[in-house]
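Heavy-atom basis, side chains included; hydrogens, waters and symmetry copies ignored. Everything numeric here is computed off the predicted structure, so don't read it as measured data.
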Amino acid sequence: MSASASLTESATVERPRAVAVGLPPALTSFPSLREMLDLRSVAVAEAIDALRAGGIDALLLDGDLPAEVLTGLLECAGPNGIPDRPVVLVLSEGGRRTQVETRLLDHVDDFVNAERGEEALLARLRNALRVRGTLAELTRKNAELEGLYGRLEAMAGRMAEELRLAANLQRSLLPPPLNHKHLDLAREFIPMREIGGDYLDVLALGPSRIALVLGDVMGKGVPAALLAANLKACLHAQLQAGDTSAAELVNRVNRLFWEVTPKGLFASLFFSILDFERGVLRYVNAGHDYPFLVRSDGRVEDLVTGGTLLGLLESSTYDEAEIPLGSGDTIVLYSDGVTDRDNAAGQPFGVERLKAAAVASRSDPARIALYTLLGEIQGWAAGLSPEDDLTLVVARAT
């Protein structure tokens, strides 16, 4: 770069604009001060006009100006913290403040001892301008942050509304109350967040058969809810494809789920068919926490036959079991949000407590039994927030 180009570039750098009131020419004519500032010495009225019009960066005042003049100028300049306010320096002998009213001290950035010469004045002025620039930048950043906060609040509001709608939609997809002469059923679904990843279905397969399904997909919140909807679609598609064994149906559901689900994500599934004409329960347990059957005499049987989690392997195969189902027998299905619910000591509720409560309420209507079990769970947690979705089903053959 040539010397002439460098000079031209330096000349274009805008210097802070400043006005001085009452200062002697010996101070305002300092070469370094003139080089640093675009400085004009003006009368009081012109200074006030300049302050009101804005656009000045520094105001240099003689501390020996009459008190009423200083008061008018300082009131016009305003206190520290006002955006675009100029730096205000008061120069006086020894840096005295006697002419400035106490209430206006925060209108002055610095009191400068005029006797200490040019270097002291420049140092104090540079410091005041640096602070002013920092405050201006902070003000700008704060304004940007306020704008961002506003946009974030708007986005959060939209997300909350969308989650509310999604929660309503998910609840609308839960099976409706069942009126069936052979089955008394009650269920409860309590997602940890607005929506959850547990999948519950009750499907009539004719006058004497009912499919009872409970699944639990990996994760929580919106991703889990999407996977649960995916699982439901896979199962319904296979049910509509025609009559087949429970094991073959779950085999096909597993392949579909494996194909459409991101790798590394899995789901457990308990699929059962209650056949009241034959008096049997056929089921497949694909990696789900063991549901159990409470016989009318209080005996408990775990429903364990099946296979591994859905989506783990494309080639997974599943077995089915068939057991007698008599009047008064009760099936209890649950997700791990039930048995994993901790108390204050970090101890899980566990399946044995759930079984004991189910046995004790085996003669009650399904709705009463369900409330009894939920009461036991809530009492165990003693008000602690859940850490997983909770689904509980009580189904009694009548």
Side-chain angles (χ1 to χ4, degrees), residues 1 5-21 32-40 42 46-61 70-91 100-112 121-168 192-195 219-226 385:
M1 181 182 292
S6 179
L7 288 173
T8 301
E9 183 177 324
S10 299
T12 62
V13 176
E14 186 176 353
R15 294 173 295 164
R17 288 164 293 180
V19 295
V21 181
S32 296
L33 187 64
R34 287 287 181 178
E35 182 180 344
M36 177 181 176
L37 298 175
D38 179 5
L39 179 63
R40 295 181 297 121
V42 298
E46 189 176 350
I48 289 177
D49 288 342
L51 288 170
R52 289 173 177 167
I56 64 171
D57 302 298
L59 175 65
L60 309 181
L61 301 176
L70 280 173
T71 295
L73 288 167
L74 293 176
E75 287 179 339
C76 190
N80 284 314
I82 296 177
D84 299 326
R85 170 190 174 275
V87 165
V88 178
L89 267 59
V90 175
L91 288 72
V100 177
E101 295 182 34
T102 301
R103 68 181 179 87
L104 296 174
L105 289 177
D106 66 341
H107 290 230
V108 180
D109 292 86
D110 204 353
F111 290 88
V112 181
L121 173 58
L122 289 173
R124 305 292 278 272
L125 182 58
R126 287 194 189 97
N127 183 64
L129 286 170
R130 189 179 301 113
V131 170
R132 176 184 182 271
T134 300
L135 290 175
E137 180 66 13
L138 286 174
T139 299
R140 185 181 68 80
K141 293 291 186 184
N142 283 337
E144 291 179 359
L145 286 173
E146 286 178 2
L148 287 174
Y149 287 147
R151 290 195 289 274
L152 286 173
E153 287 179 359
M155 290 174 60
R158 289 195 297 271
M159 289 179 63
E161 177 62 15
E162 289 173 1
L163 284 174
R164 186 187 67 80
L165 294 173
N168 290 339
M192 187 191 77
R193 299 173 184 167
E194 289 84 352
I195 54 179
K220 300 175 181 64
V222 174
L226 292 174
S385 299

Donor-acceptor under 3.5 Å ([X] side chain, [Y] main chain):
| X | Y | answer |
| --- | --- | --- |
| D106 | N80 | no |
| R85 | P79 | yes |
| D57 | A18 | no |

- Got more than 12 heavy atoms from elsewhere within 6.0 Å of CD, E144? yes
- Does atom CG of D84 have more than 12 heavy-atom neighbours, drawn from other residues, nucleotides or ligands, at distances under 6.0 Å? no
- Which pair of non-hydrogen atoms, one from P86 and one from A58, has the smallest distance, and what is that distance? CB-N, 3.9 Å
- Item | Step-by-step side chain to side chain contact (heavy atoms under 4.5 Å, CB included) determination, R132 to D109 | CA-CA 9 Å; R132 176 184 182 271; D109 292 86; 5.8 Å; no
- Message: Evaluate R15 against L37 for side chain to side chain contact (heavy atoms under 4.5 Å, CB included), listing each step before the verdict.
- Response: CA-CA 5 Å; R15 294 173 295 164; L37 298 175; 5.7 Å; no
Minimum side-chain heavy-atom gap [X]-[Y] below 4.5 Å:
| X | Y | result |
| --- | --- | --- |
| V131 | D110 | no |
| I48 | L73 | yes |
| V19 | E46 | no |
| R124 | L91 | no |

Working to the nearest 0.5 angstrom, can you tell me the gap between [X] [atom1] and [Y] [atom2]?
| X | Y | atom1 | atom2 | result |
| --- | --- | --- | --- | --- |
| R130 | L135 | CZ | CG | 12.5 Å |
| H107 | I82 | NE2 | CD1 | 7.0 Å |
| L121 | R126 | CG | CZ | 9.5 Å |
| L105 | F111 | CG | CZ | 5.5 Å |
| E75 | L104 | CD | CG | 5.5 Å |

- Assess whether side chain to side chain contact (heavy atoms under 4.5 Å, CB included) is satisfied between L125 and L60, documenting all intermediate values. CA-CA 9 Å; L125 182 58; L60 309 181; 4.3 Å; yes
